[in-house]
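Residue numbers begin at 1 in each chain, while the letters A, B, ... track the order of the sequences.
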There are 4 protein chains.
Amino acid sequence: METPKPPERKPRSDAARNRERLLAAAKLVFARTGPGASLDAVVREAGLGIGTLYRHFPTREALYEAVYRRDIEQLVTLGADASAARDPVAALRDWLHAMIDVVATKKGMIAAFALAADTTSAISARSTGAVTQALDRLLARAVAAGRVRSDIDGTELLLAVVGMCMLRDQPGWQASVTRLIDTLVDGLEVRRTGAP
Amino acid sequence: METPKPPERKPRSDAARNRERLLAAAKLVFARTGPGASLDAVVREAGLGIGTLYRHFPTREALYEAVYRRDIEQLVTLGADASAARDPVAALRDWLHAMIDVVATKKGMIAAFALAADTTSAISARSTGAVTQALDRLLARAVAAGRVRSDIDGTELLLAVVGMCMLRDQPGWQASVTRLIDTLVDGLEVRRTGAP
Amino acid sequence: METPKPPERKPRSDAARNRERLLAAAKLVFARTGPGASLDAVVREAGLGIGTLYRHFPTREALYEAVYRRDIEQLVTLGADASAARDPVAALRDWLHAMIDVVATKKGMIAAFALAADTTSAISARSTGAVTQALDRLLARAVAAGRVRSDIDGTELLLAVVGMCMLRDQPGWQASVTRLIDTLVDGLEVRRTGAP
Amino acid sequence: METPKPPERKPRSDAARNRERLLAAAKLVFARTGPGASLDAVVREAGLGIGTLYRHFPTREALYEAVYRRDIEQLVTLGADASAARDPVAALRDWLHAMIDVVATKKGMIAAFALAADTTSAISARSTGAVTQALDRLLARAVAAGRVRSDIDGTELLLAVVGMCMLRDQPGWQASVTRLIDTLVDGLEVRRTGAP
DNA sequence: GATGAATGAGACTTCATTCAT
DNA sequence: GATGAATGAAGTCTCATTCAT
C-alpha cells in the first residue's frame, strides 16, 4: 500500500501489513473453531507473535469487532437500501433473515453481534452500534407507517436474534430461528381488525 | 493423606449429606460466578475433596442438572397447574414469564436451561427434558383451542427464551426479554378476522 | 447389594465365593487392559466392593500371584514332565518357548512373572518361586549332562525372558523374543570341539 | 499472578538457560525417582513454571530424549570408534557392556533406551534411532566377517538389553545382565568346526 | 514495534487406599 | 466380613496475559 521500496532498509516494521494478516488469520480461525478459539492459534496462522496480536487488539473483543466490521458494514448498507425500497415490514423481516444468514455462514460472527447487542460494552458503540441503528431505522419506518408496534426497539430485536443464534449447535437451528423471528415480527405487526 | 481436620471428625459415611453440601456449594458458587465457575471453587466451598464431587457428579452438566433440578421441577409443576386452570394463551404467557423470573433470580440456572434446550445432549432427555414437554403441553392446549399457530414447538420456544436470557448482562434485560417474549406470543396467536 | 431375601437366612457371607469372583474378574480385566489395570475396574467386573478386594488381596502383587498361580503351577508341572523325558537342552528350550507362549496368551501374566523374577519381593518366594526352581532343575540336568555351561542360573534366565517380554508392544515381538531366547540357549550350550 | 520471587529478577528471555535448567533438573529427578517421576517435581527442582517445561518439551518422551541425547550420542560415537578398530565380536560385546554401564549409572536412562527400542514410537526415529543403527553396524561387520549369525538384528539386540535392564531392582543385577548378554553373544557366534 | 518465552491458574481426570457403617 | 463413600495427591494439558529483549 505504502512506499514499497525504501533502499532495502529494514523492511519497515509494517504495522498495517501485520494488522491485515492478523485479521485474515482470525477470520479463518474463528470460522474453523468458532469464537473462543485460542488466540495462539490465530497468531500461529498469521505467522506472527502473540505480542503483536495484543498490541493491535488489546482484547479479544476488539479483535472480533475488527474482523467482522466489514461484514457488519455490508449488512448495514443492505438495511439502508432495503429500507428505501420496500414495504416496511417486509424490509424488516428480510433484513433479520439476512442477519441469520450471515451468522449461519460465518461461524465466529455471533461473537461480534453479541458485542453489538451488549449496550454495556464501550466498544459496542463504535462500528457495531450501527447494527442497532439500522434496526432502529427499519423499525421507525414501519412504526411511522402504522404497521408495527412501537414498544420494541432495535437493541431488543438484536438481542432476540443474537440470543437465538447463540444456540446454534443443534441441527436445523437456522430454520427454527427463522420461524421464531418470523413469529416475532408477526407479533410486532399491528392487528388490523376485520370490522369496518 | 492423613485427615487434616481432626476438629470435625470423619462425620459419617453419609453420602447424602455430602451430596447436599455439594449441591448447596455449587448453587452458591454458580450464583456468585456464573456457570463455568471453577469446580475447585465448588469443593472448596463445600469443604470436600474434588474426588467426591466427581463421584457424585461425573460431569459439569450432571452437576448443573442436579443443582437446578428442583427449581425446574417446581417450574414444571407450575406449568401443569396453570395449564389445567386458565386461559391457554395466558397460561403459556405466564409460564414463560415464570421462566424468565427463575433465570433472573438464579444466575447459574441459564446453564441448566441451555442443557434442556440442547437436543443433542444425552443428559437433556432426563429431568430437563421435562421443561420442553411442559411447553409442548401448554402449546398443545392452546393449539387445540384454536388459539395459537401450530408451527412452533416447545423446543423452539425454549430456545427463544434461553437464548435471550443468555445475554443478561445489560441493565433492564429482564424487562426487554419479557417484552420480546410477549411479542412472540402475540405472534403465535391466531388472528381473528372480524367478519365472516 | 444388600441381601434381598432375609427370610431365607443371610446367604452366608461366602468369603470363598467372593475370592473366586475376584480372581475371575481380575483375570479378565488384566487380560483386557494389562497389569496396571485399575483395581476399581476389577471390582466393578466382579460386582463387589473395593474393600472386599483389599481384604482378600492386600496388595496388587498378591492379586497377581493368586490370579496366575494356577497357570504357573501348570507351567511348572510341564517343566517337571519335560525334564524327565527328553534331551535336556531341548527340554530347556521347549520350556522357555512355553513361557513365552503363556505370556503371549495372557496379557497380565507378565506381571506375575516379574514378581517371580524379583528376588527382592517377599511374595515371590511363595508360588512364583517355583518357576525359578523349575528352571534351576532343567538347567541342572543339562549341566550334569555336560551340555550347558554352569554360570547362568534359573533366576537369571527368568530375568532374561521376563525382561524381553515386557517390551511386547511392537508387532512381531514374540518371534523376536523366541529368536533371542534360542540364541541365548545356543550360547549356553557347551561347544563341542571338532576333534575326534 | 505477580512475580513471587523479587530476589532473582526476571532473569532474561534466555530460553536457552531455562532449557538447560530443565534438562539438569530432569536428569536429577529422573536419577532420583526413575522415569515416571512427576513432571511437576522437575519444574519445582528447576524453579520454573510447568508451562515452560511444556513449551520446551511437549511430551514426556521429548524430555527423555533431550535429557539423554548427549549420553546416547557419546555411546553411539563410542560404537563407531570401536567398530573401526577391533575384532568385530569383541567390539559388539564391549559396546553392549558399555550400554549396560550407562544404564547402571543413569537411573532414568532406561526410559530413553526403551524409546529407542520402541519401533512404534515416532520419536524413536530421531536421535535414539541411532542406537539401533549403531548396533546394526556392529552386527553387520561381524556378519560380514563370517563371525556371527545373521538372524538377529540390532533392534532385537536392543530389545534384549533394554528388557533385561528394566528389571534392575535386585542387587547384583548388572553382573547378571552382563553375563546374560555375554551368553547371548556367544550364541550369536558362528560355531567353528574343529577340522577342515 | 515486534517478539515469543515465561508463567501459573485451573480444568479435567484417575486411582490407591482408608475407614465408618 | 462386606461395603463403597471419601479423599486428595498427582498427572495431563491448555491458555490468556505479561514483559524483557
Side-chain angles (χ1 to χ4, degrees), chain A residues 10-16 18-19 36-44 47-56 58-60, chain B residues 1-5 9-19 21-22 36-41 43 47-56 58-60, chain C residues 1-3 10 12-16 18-19 36-41 43-44 47-56 58-60, chain D residues 1-5 9-19 22 36-43 46-56 58-60:
Chain A
K10 292 222 163 181
R12 214 157 82 66
S13 59
D14 199 339
N18 281 347
R19 202 187 133 90
S38 130
L39 296 184
D40 220 74
V42 172
V43 297
R44 232 178 298 128
L48 298 173
I50 182 72
T52 308
L53 175 63
Y54 270 85
R55 161 163 293 270
H56 286 285
T59 66
R60 178 182 284 268
Chain B
M1 295 273 173
E2 332 71 359
T3 50
K5 293 161 204 148
R9 201 55 73 92
K10 226 9 123 18
R12 274 201 300 146
S13 144
D14 200 340
R17 185 200 298 296
N18 281 345
R19 202 188 133 90
R21 276 211 234 168
L22 285 169
S38 148
L39 294 185
D40 224 72
V43 298
L48 297 174
I50 183 71
T52 306
L53 176 65
Y54 270 87
R55 163 171 285 271
H56 286 285
T59 67
R60 178 181 283 268
Chain C
M1 295 289 169
E2 330 71 357
T3 56
K10 294 219 163 180
R12 214 158 81 67
S13 61
D14 200 339
N18 281 346
R19 203 187 133 90
S38 128
L39 295 185
D40 220 75
V43 298
R44 232 179 298 128
L48 298 173
I50 182 73
T52 308
L53 175 63
Y54 270 84
R55 162 164 291 271
H56 285 286
T59 67
R60 179 181 284 267
Chain D
M1 295 274 173
E2 331 71 0
T3 51
K5 293 159 203 151
R9 202 51 74 94
K10 234 354 131 23
R12 274 201 301 146
S13 143
D14 199 340
R17 186 202 295 295
N18 281 345
R19 203 189 133 90
L22 284 168
S38 148
L39 294 185
D40 222 72
V42 172
V43 297
L48 298 173
I50 184 71
T52 307
L53 176 64
Y54 270 85
R55 163 171 284 269
H56 286 285
T59 66
R60 179 181 283 268

Ignoring backbone atoms, establish whether [X] has a side-chain N or O less than 4.0 Å from OP1 or OP2 of [N].
X	N	answer
C/H56	F/dG1	no
D/S38	F/dA10	no
A/N18	E/dG1	no

Taking the nucleotide of DNA chain E with the nearest heavy atom to each, does C/G36 or D/T52 sit closer to the 5' end?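 The residue whose closest nucleotide sits nearer the 5' end is D/T52.
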Whole-Å distance separating the [atom1] atom of [X] from the [atom2] atom of [N]:
X	N	atom1	atom2	answer
A/I50	E/dT7	CD1	P	17 Å
C/R19	F/dT3	CZ	P	16 Å
C/R60	E/dA16	CZ	P	5 Å
C/R55	E/dT18	CZ	P	14 Å
B/R17	E/dT21	CZ	C1'	14 Å
B/L53	E/dA11	CG	P	11 Å
A/R44	F/dA16	CZ	C1'	14 Å

Write out the stems for DNA chain F, ordered by first number and formatted as range with range, counting runs of at least 3 consecutive Watson-Crick or G-U wobble pairs under 3.5 Å.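 Stems found: E:2-21 with F:2-21.
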To the nearest 0.5 angstrom, please state how far the CZ atom of B/R19 sits from the CG atom of B/L53.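 Answer rounded to 0.5 Å: 11.0 Å.
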Looking at residues at least two apart in the chain, or sitting in another chain, which of them share a salt bridge (Lys or Arg N to Asp or Glu O under 4.0 Å) with C/R44?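 Salt bridge (Lys or Arg N to Asp or Glu O under 4.0 Å) list for C/R44, sorted by chain: C/D40.
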Who are the side chain to side chain contact (heavy atoms under 4.5 Å, CB included) partners of A/R60, not counting sequence neighbours?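 Once residues adjacent in sequence are excluded, the partners of A/R60 under the side chain to side chain contact (heavy atoms under 4.5 Å, CB included) criterion are A/F30, A/L39, A/Y64.
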At 4.0 Å (heavy atoms only), tell me whether C/L39 reaches a base, stays on the sugar-phosphate, or touches nothing.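 If one applies the 4.0 Å heavy-atom cut-off, C/L39 turns out to touch the sugar-phosphate alone, with no base involved.
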What's the closest nucleotide to the side chain of D/L48 if the choices are E/dT7, E/dC12, F/dA16?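 Ranking E/dT7, E/dC12, F/dA16 by closest atom to the D/L48 side chain puts E/dT7 first.
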Determine whether D/L48 and D/L22 satisfy the following criterion, side chain to side chain contact (heavy atoms under 4.5 Å, CB included), listing intermediate values before the conclusion. CA-CA 8 Å; D/L48 298 173; D/L22 284 168; 3.8 Å; yes
Closest-nucleotide 5' rank along DNA chain F - winner of B/G51 and D/D40: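 By nearest-heavy-atom nucleotide position, the 5'-most residue is B/G51.
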